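Here the structure is laid out as structure tokens; the discussion comes afterwards.
The structure displayed is predicted, hence computed values, not measured ones. In this chain, residues are counted from 1 in sequence order.
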Amino acid sequence: MPHPFHPDDFPVNQDVVLNPNRVYYLKGCIHFKTTAKIINLSGHVRQPFNGDFSHAFLDDAEQAARKLDDSPTYEIKSSGNMMRTLKTITDAKSGSKVCDLNMTFVSFASSNIRFPPGSEHSRHEVEMCPVGDAGHDDAKHEAFVRHSIPYFWDMTRGRVGILYKCLNQKRVEVGRVAGYGFDKDVVLVLNGDEVDDVVAISTCIVLLNGRDAMDA
């Protein structure tokens, strides 16, 4: 069943370009079974982000992640040894739960991200759904709503995914993700003023583990 929101209803605002102020390295977060790490690289990547992922930027991000490997911001733990099972993101310092990821094959069904009561990241559960049926470009768009605002993950560009936020009936790019490290790691850049970091990270992980979305 198609999602009620469709990207065609929200043309891209070409006047707004992505100026990320957050950089995350999602280590071992693609097709993982047990644990993974999320490392905040903000302020640690020397190469500028000039609208897309250059080799220099990705290499610099990977080097920064190696230096910060023992100090992740978040960790992910699984309830079992299967890729698509309940996974929990926790604060790496306190160990407190940040959210639960209930991942399915998002090509065929919705996936859910549940936040603890009183969470600063979302007042409600976030449901991710494919915009269209499998086999069409629509299926490479995943939609979700946070605090009554629609968002779209656009995976039509192969190995680069774009996160759009709908503002004033137009789509504005607020994040971008690219694979790195033998298809197990990704680098995620965000405009943290327009999207909650954890919502962007968690929806990105659900998307990338729902199917081989990073394959070109």
Residue pair [X] / [Y], side-chain heavy-atom distance below 4.5 Å:
X	Y	answer
Ile76	Ile38	yes
Val199	Phe115	yes
Tyr24	Val187	no

Using the side chain to side chain contact (heavy atoms under 4.5 Å, CB included) criterion, which residues pair with [X]? Sequence neighbours excluded.
X	answer
Lys170	Pro11, Asn13
Ser148	none
Asn112	Asn102, Ser110, Arg114, Glu125, Glu127
Arg46	Asp60, Gln63

Looking only at the side chains, is there a donor atom on one of Lys77 and Thr35 sitting less than 3.5 Å from an acceptor on the other? no
Contacts of type salt bridge (Lys or Arg N to Asp or Glu O under 4.0 Å), residue [X], not counting sequence neighbours:
X	result
Lys97	Asp100
Asp59	none
Glu75	none

Go through the structure and list residues passing ring-ring contact (aromatic ring centres under 6.0 Å, His included) with [X], not counting sequence neighbours.
X	result
Phe49	Phe53, Phe57
Tyr151	Phe144
His55	none
His124	His147

Measure from the side-chain N and O atoms of [X] to the backbone N and O of [Y], and report whether any donor-acceptor pair falls under 3.5 Å.
X	Y	answer
Arg171	Phe152	no
Ser71	Leu68	no
Ser94	Ser96	yes

Under 3.5 Å, sequence neighbours excluded: what are the donor-acceptor pairs made by side chains of residues 14-23?
| residue | atom | partner | partner atom | Å |
| --- | --- | --- | --- | --- |
| Asn21 | OD1 | Gly192 | N | 2.6 |
| Asn21 | ND2 | Asp193 | OD2 | 3.3 |
| Arg22 | NE | Asp197 | OD2 | 3.0 |

